[in-house]
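Only heavy atoms go into these numbers, but all of them, side chains included; no hydrogens, no water, no symmetry mates.
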Amino acid sequence: MRVPTPTTVAAEVRAALVERVVAWFQAARRDLPWRAPERTPWGVLVSEVMLQQTPVVRVEPAWRAWLERWPTPAALADASTADVLRAWDRLGYPRRALRLRECAQAVVERHGGQVPDDEAALRALPGVGEYTAAAVRAFAFGRRAVVVDTNVRRVLARAVTGLALPAPTPTAAERAVAAAVVPAGDAAASAWAAASMELGALVCAARSPRCAACPVADLCAWRAAGYPGDTHAHRRRTQAWHGTDRQCRGRIMAVLRAADDAVDRTALDAHMAATPADAQVTRCLAGLIEDGLVEQTRGAYHLPREGADAR
DNA sequence: AAACCGGGGAT
DNA sequence: ATCCCAGGTTT
């Protein structure tokens, strides 16, 4: 099928899309703490890492507590592994917590404790990929960046390309469309980044889009085409959960976060909500140790006891 | 390109 | 019971 290239995103459509979505955002934006005037670039970076695969409602309280405890990169850089993992609590993917501390250490060592504002330096930080680097540039520094998250991908897939949902993995054509839509200038580009993400989160939702409340419904290509179905549905595979190593690892981490002392294997098995296969628990423990999330002392397991330095 | 990595709330 | 969520890293 024909995929729009930058030149096929008509200038008038681009202008109307950006102008109206940004205007809508000014009235509809959520008051999230990492958007408050008193936020810091480090606070924005922390929010973006926490928001990697964890919904806003669960990040908000964790973010407040985290920044109250470790307000700066220098503060987090000196935190102990166990403290960091307990504070991360159930945000999920706890390797992100370790990377965030590594990131804090890198900011201290490479950038004098100040979050850098250029894309290459941001990308070089642990746990910071293409999306997060662009988001920090736009949201922490108000600079122009092509910010493409799952929300923006969906908004553009629908409004511009006419698809129900974007492809399972981003395509080159998709990146071209995203880059073509971003307006020139720091202020306009960063406003578009925030506004387009918010539209995808609040209005252009994956399951049940609220087209009646959409500021660009009249120029939406998906709507104009009569809401065709998801062309990639056959290749979309939702991750299994029950019985997976991810679930097993999560249960082990929950037990060890709650424990004051080391937990031997018998006690660990007793604390697991369900009873995974013996071999799976063994495999997951080995993986967690490999990841630096767990340590073993005399046959008992516990969160790492070393400080921030040992790694 | 695909696999791996959590967890909870909505439908 | 299934879907969805402000991705990054590794293979």
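Nucleic acid contact class of A:Thr169 (heavy atoms, under 4.0 Å, all strands): none. At a threshold of 4.0 angstrom between heavy atoms, the contacts of A:Arg153 with the nucleic acid are absent. Nucleic acid contact class of A:Leu165 (heavy atoms, under 4.0 Å, all strands): none. The residue A:Arg96 sits apart from the nucleic acid: no heavy atom pair falls under 4.0 Å. Using a 4.0 Å heavy-atom cutoff across all strands shown, A:Val128 reaches sugar-phosphate atoms only and no base atom. A:Thr54 comes within 4.0 angstrom of a base, heavy atoms only. Among the atoms of the strands shown, only primed sugar atoms or phosphate atoms (P, OP1, OP2) are found under 4.0 Å from some heavy atom of A:Ala206. Counting non-hydrogen atoms under 4.0 angstrom, A:Gln239 reaches a base of the nucleic acid. Contact annotation for A:Trp88: no contact, since no heavy-atom pair falls under 4.0 Å across all strands. Within the nucleic acid shown, A:Arg30 comes within 4.0 Å of at least one base atom, counting heavy atoms only.
In this structure, CG of A:Asp149 is placed 14 Å from C1' of C:dG8, rounded to the nearest angstrom. As a whole-Å value, the separation of A:Arg90 CZ from B:dG8 P is 4 Å. With rounding to whole Å, A:Gln53 atom CD is found 9 Å from C:dG8 atom P.
A sub-4.0 Å separation between OP1 or OP2 of C:dC5 and a side-chain N or O of A:Arg154 is present.
Judged as a side-chain contact (heavy atoms from CB on, under 4.5 Å), and not counting sequence neighbours, the contacts of A:Ala121 are A:His111, A:Pro116, A:Asp118. Considering only residues two or more places apart in sequence or on other chains, A:Arg257 meets the side chain to side chain donor-acceptor pair (under 3.5 Å) condition with none of them.
Among C:dA6, C:dG7, B:dG7, the nucleotide with an atom closest to any side-chain atom of A:Thr132 is C:dG7. Closest to the side chain of A:Tyr131, out of B:dG7, C:dA6, B:dG6, is C:dA6. Side-chain proximity of A:Glu48 to B:dG7, B:dC4, C:dA6: nearest is C:dA6. Checking C:dG8, B:dG6, C:dA6 against the side-chain heavy atoms of A:Arg246 singles out B:dG6 as nearest.
Between the base of B:dG6 and the side chain of A:Arg249 there is no donor-acceptor pair shorter than 3.5 Å. The base of C:dC4 does not come close enough to the side chain of A:Arg207 for any donor and acceptor atom to sit less than 3.5 Å apart.
Positionally, the nearest nucleotide of DNA chain B for A:Pro170 lies more toward the 5' end than for the other of A:Gln247 and A:Pro170. Comparing A:Trp241 and A:Val57, the nucleotide of DNA chain B nearest to each residue sits closer to the 5' end for A:Trp241.
Remark: side-chain polar atoms of A:Arg101 are paired, donor with acceptor, to backbone N or O of A:Ala79 under 3.5 angstrom.
You'll find the ring centres of A:Tyr227 and A:Trp222 inside the 6.0 Å limit.
With respect to the salt-bridge test (charged N to carboxylate O, under 4.0 angstrom), the residues A:Asp186 and A:Arg143 qualify.
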